Each structure stands twice: as C-alpha cells, then as structure tokens.
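First comes the structure, then the notes that go with it.
Everything quoted here is computed from the prediction, not taken from an experiment. Just so you know, ligand 1 is whichever comes first in the structure, and atom 1 is the first atom listed for that ligand.
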Amino acid sequence: MQRKQQQQRLRPCRFTPADALVIASCLLLLTSTSYAFHVGGTGVILHSSSSRSTKSTSSSVSLLEMATFDEAAADQKNQVLDVNDDSYDVVKVDLNDGRDYPIYIGTSFTNEQISDMLTSHIDGKQVLIITNDRIAPLGYLDKYEKLLAPHKDVHTLVLPDGEANKNLEILQLILDKALEEKLDRKCTFIALGGGVIGDMVGFAAAVYQRGVNFVQIPTTVMAMTDSSVGGKTGVNHPLGKNMIGAFHQPQCVVIDTDSLKTLPDRELQSGIAEVIKYGLIRDSALFEWLESNMDKLLERDPVATRYAVKRSCENKAEVVKADEKEAGVRATLNLGHTFGHAIESGSGYGKWLHGEAVAIGTAMATTMSAELGWIDSDLVERTYRLFEKANLPLELPLDSPMNREIFLNYMAADKKVANGQLRLILLKGPLGNCVFTGEFDREAMVNTIDEFVAECDGHSS
Ligand SMILES: O=C(O)C(=O)C[C@@H](O)[C@H](O)[C@H](O)COP(=O)(O)O
C-alpha cells in the first residue's frame with residue numbers, strides 16, 4: 001500500500017459557531033432509525049432492521065429477484081470473451097411498462113450497423129446530437145451526423161467539456177437549441193460523449209416538453225461501464241453533486257469501444273474505478289479478472305476492454321432491473337460515492353474526474369469497513385493494490401481543501417440520507433459483498449475522514 005498509515009494526530013478543528021451547529025445537528029440526526037441490507041456473493045441476503053419498526057419493504061421483493069451472479073461468473077478469472085471483432089454483444093436492460101432497451105457493445109461497428117441501430121430506436125424525424133468541444137474536433141460528431149442525415153432531420157450542439165460545466169446554466173443551452181430549432185415531442189436527443197454529456201442530455205430530454213426520447217452514445221470508459229446505463233440523469237449544484245435530475249431511461253445505448261482510442265489516459269483510468277466497484281460490491285470473479293488483466297485494460301486491449309465493458313453493463317442492468325428508482329439495492333452502486341461526491345463538490349467541480357474521487361471515496365469506505373471489523377486486512381490490501389494498478393488516487397493531496405467539516409456538510413446532504421439518517425455502502429464479509437446501511441459506528445466514519453484529511457491544507461488551515 002502506498003498510502004501512508006496516517007497517525008491520528010488530530011489537531012482541534014476550527015469551526016465557526018454556525019458550522020458547529022450544522023455539524024452537531026447532522027451528527028444527532030444521523031443516529032435515528034436504521035435500515036440495512038446485505039448484498040453480494042452467491043446470493044442476496046436481506047436483513048433489514050429498524051429501531052422503530054420492522055420494515056418489510058418492496059425492495060425486499062426486488063432484491064430477492066436478483067440472480068445469483070457469482071455462480072454464473074465462476075469461471076471468469078483470466079478469461080476473455082471469444083468474440084469476433086465483426087460481431088457485437090447486446091445486453092438488455094429489462095424494465096417494466098415496455099421500456100426495456102438494448103445496450104449494443106461492439107468494436108469497430110460498421111456504418112451500416114450504427115445506422116440500423118440508431119434508426120430502429122429513433123421514431124420521430126427530428127434529432128439533436130449533443131456533444132462537447134473535446135469530442136467534436138475528433139470527428140465523432142461528423143460521423144454520426146452523416147450517418148443519420150439520410151434518414152433524419154439532424155441538428156447538432158457542442159457544449160463546453162468537463163464536470164465544471166454540468167450545471168443548470170449549460171443545460172439551458174440544450175433547451176434553448178431545441179426550442180430555437182422547433183423540435184417537437186417526437187424528437188430524439190442523442191448524447192455523444194462521457195458521463196457529463198450523458199447525464200445532462202438525459203436530463204434535458206426528461207424535462208423538454210415534459211419528456212422526449214434520448215439515446216446514449218458513450219465515448220468514455222466511465223460512461224460505457226456506468227453512467228450511460230440505468231437512466232440516472234441530472235446536473236450538479238454548488239451544494240451537492242447530481243442534486244438536480246430525473247430518472248429517465250434512454251431508448252438504447254450504442255457503445256463502440258473504438259472511440260476509446262482517443263480517450264486520454266487519465267479519463268480511461270477514471271472509468272476503471274467504476275469497473276472495480278462492481279467487483280467489490282457484487283462480482284468477485286470480475287474483481288479477480290481485473291487483478292489479472294489490469295495491464296491489458298490500461299493498454300486498451302480491445303478484447304479485454306470489451307469484456308470489462310460488457311461485464312459492467314451486465315452488472316448494472318441486473319441491479320437497475322431489480323431496483324430502477326433506487327429504493328434499495330441500487331444504492332449499492334454508490335460504493336465510495338458519498339465520500340467521493342463530497343470530495344468533488346468540496347474541491348470545486350472539475351478538480352477531480354469523477355472516477356478519481358470515487359477511487360479515494362472507495363479507499364475511505366474500505367478503510368472504514370475494516371475499522372468496523374467488517375472486512376479483513378487482506379481485502380483492504382487487494383483493493384488498494386487494484387486501484388494502484390489502475391493508477392488511481394487513494395489519498396487526498398496535501399493541498400486539498402478538504403477537512404472533516406466539509407466532508408460532513410456535504411455528506412449530510414447526500415441523496416441516500418433518509419429522515420436525517422446518513423446511510424452508506426460499506427464492504428462486509430468476503431470479496432463481493434456489501435451492505436447499504438445506516439447502522440454503523442459514527443466514530444469509525446469520523447476517524448476515517450480524519451485519517452484522510454490529516455495532512456491536507458483544509459485540515460490545517
Ligand atoms: O446508477 C447508479 O445508481 C449509480 O449510483 C452509479 C454511480 O456510479 C453514478 O456515479 C451515479 O451517477 C451516481 O448517482 P447519484 O445518485 O449518487 O448522484
């Protein structure tokens with residue numbers, strides 16, 4: 001492990017009276033009811049408990065409907081898919097009300113294949129392709145525009161790249177464009193880009209004329225393995241990440257892993273954080289495969305890449321099917337995100353790539369799980385080693401503004417807070433098992449935060 005075992009030499013925090021009040025009330029509120037369930041490994045065990053009532057929620061039904069994933073995946077280690085480069089895979093996202101949709105995953109799709117896929121999922125005549133100013137000059141926008149032009153009335157919009165631009169002001173530009181072009185309710189928005197574009201375009205589609213169709217064409221590992229699937233759309237607010245949004249599912253997701261050829265290394269590594277996440281929370285075989293194949297992923301080996309993308313999409317589709325609107329098990333996809341989102345918001349959007357913040361957040365969740373005695377040190381070491389192999393950060397830099405106060409403030413507003421109680425996803429048991437719970441020792445959480453901020457500027461200032 002490279003991360004230093006930081007001494008808990010805690011200097012007194014300098015809170016203003018107002019800050020102290022906020023934090024004190026957060027900590028008090030966080031000790032109310034508790035609700036936990038356990039997911040992972042070769043099955044799904046539900047154990048929900050509450051100090052006020054015994055909850056038998058609908059999430060128990062969807063949880064138990066989940067397949068036993070590890071059995072099917074038992075032989076994954078060192079295995080790569082026997083895929084023909086000319087073929088493609090389809091992972092289906094099963095939803096109710098006829099909203100099922102396919103995720104097409106291929107390497108070097110032919111123009112005809114792309115055109116067929118897109119036109120078969122775009123009903124109306126009008127299309128608005130939205131991308132960013134990093135993707136557009138690389139030729140992808142031209143390519144999709146030309147492919148659709150013989151069939152559709154195509155409009156395009158290029159937005160500024162980056163997490164700092166995932167906000168209501170930039171979202172407004174999408175709505176302005178749609179209105180200027182007189183796009184009607186039958187139109188389809190196409191999100192061509194990474195997670196920021198996908199989340200924003202999806203949200204614009206959710207609210208434009210109270211909802212129009214949209215299609216995801218992800219171009220980053222982050223978007224291919226996570227954000228383009230499952231219908232979480234939205235924008236950031238200065239007071240919290242993804243705080244304004246909607247659940248709105250796409251018509252289809254078209255993943256051409258060829259587009260990763262132009263992805264900067266840092267972005268590639270950032271996306272791998274979410275792939276590691278699936279391994280940690282529910283797919284131990286994927287984790288083991290990553291332990292053996294990380295080099296191939298970093299070298300952009302097409303077969304390994306496609307395998308990681310497909311496996312991630314299968315995991316995500318399975319969880320989304322079980323719990324589309326995050327009533328329960330879907331929250332497990334948030335491993336490391338409560339800490340990570342606090343880091344993204346508290347450091348200023350754009351300072352960290354999402355996956356980098358999630359990597360540090362996952363290191364925090366892993367450290368806390370170990371401090372609680374829920375996982376053994378071997379799992380902590382394997383987790384750290386895998387993130388290190390992916391060149392992902394596991395600690396905050398010395399110049400980070402983060403401190404305990406900032407962490408707790410953002411975490412108290414996390415979307416998983418219910419009735420004042422903060423719930424976290426923590427690892428528990430062998431690799432591939434996690435819990436979503438509010439029942440944990442607060443001291444372990446605060447100790448973990450203190451350990452990670454001990455040498456940061458934010459702590460000492
Ligand atoms: O799809 C989900 O559900 C996830 O939580 C996946 C996350 O990896 C993703 O970052 C998501 O956008 C976070 O959502 P949020 O609800 O925590 O804002």
Any N/O pair Lys241/ligand 1 closer than 3.5 Å: no

Inter-residue atom distance Ile406.CD1 - Cys456.SG, 0.5 Å rounding: 9.5 Å

In terms of atom number and element, which parts of ligand 1 are under 4.0 angstrom from non-hydrogen atoms of His354? 10 (O)

Subset of ligand 1 atoms that lie under 4.0 Å from at least one heavy atom of His337: 7 (C), 8 (O), 9 (C), 10 (O)

Checking contacts here: is it the side chain or the backbone of Asp226 that comes within 4.0 Å of ligand 1, counting heavy atoms only? Could be both or neither. side chain

Please report whether the ring centroid of Tyr104 lies less than 6.0 Å from that of His121. yes

Taking 4.0 angstrom as the limit and counting only heavy atoms of Glu274, give me the atoms of ligand 1 inside it, by number and element. 8 (O), 10 (O)

Is the distance from the ring center of Trp374 to that of Phe440 below 6.0 Å? no

Is the closest heavy-atom distance from Lys316 to ligand 1 below 4.0 Å? yes

Measuring from non-hydrogen atoms of Lys416 to any atom of ligand 1, is the shortest distance under 4.0 Å? no

Can you tell me how far CE of Met411 sits from NE2 of His341, rounded to the nearest 0.5 angstrom? 12.0 Å

Numbered atoms and elements of ligand 1 in range of His341, under 4.0 angstrom, heavy atoms: 15 (P), 17 (O), 18 (O)

Axial cation check for Phe387 ring with Arg385, 6.0 Å and 45° limits: no

Interatomic distance, CZ@Arg134 vs OG1@Thr262, rounded to 0.5 Å, equals 6.5 Å

Specify the protein heavy atom at minimum distance from atom 11 (C) of ligand 1: its residue, its atom name, and the distance to 0.1 Å. Lys232 CD, 4.1 Å

Atoms of ligand 1, numbered as shown, that sit under 4.0 Å from any heavy atom of Arg330: 1 (O), 2 (C), 3 (O)

Asp89 and Arg306 ion-paired at < 4.0 Å: yes

Glu326: numbered ligand 1 atoms lying under 4.0 Å from its heavy atoms: 3 (O)

Can you list the atoms of ligand 1 that are under 4.0 Å from a heavy atom of Asn242? 12 (O), 13 (C), 14 (O), 15 (P), 18 (O)

Is Asn334 in polar range of ligand 1, meaning some N or O pair under 3.5 Å apart? yes

Ion pair check, Lys232 and Glu326, cut-off under 4.0 Å: yes

Could you check whether Arg99 pairs with Glu324 (Lys NZ or Arg NE/NH1/NH2 to Asp/Glu carboxylate O, under 4.0 Å)? yes

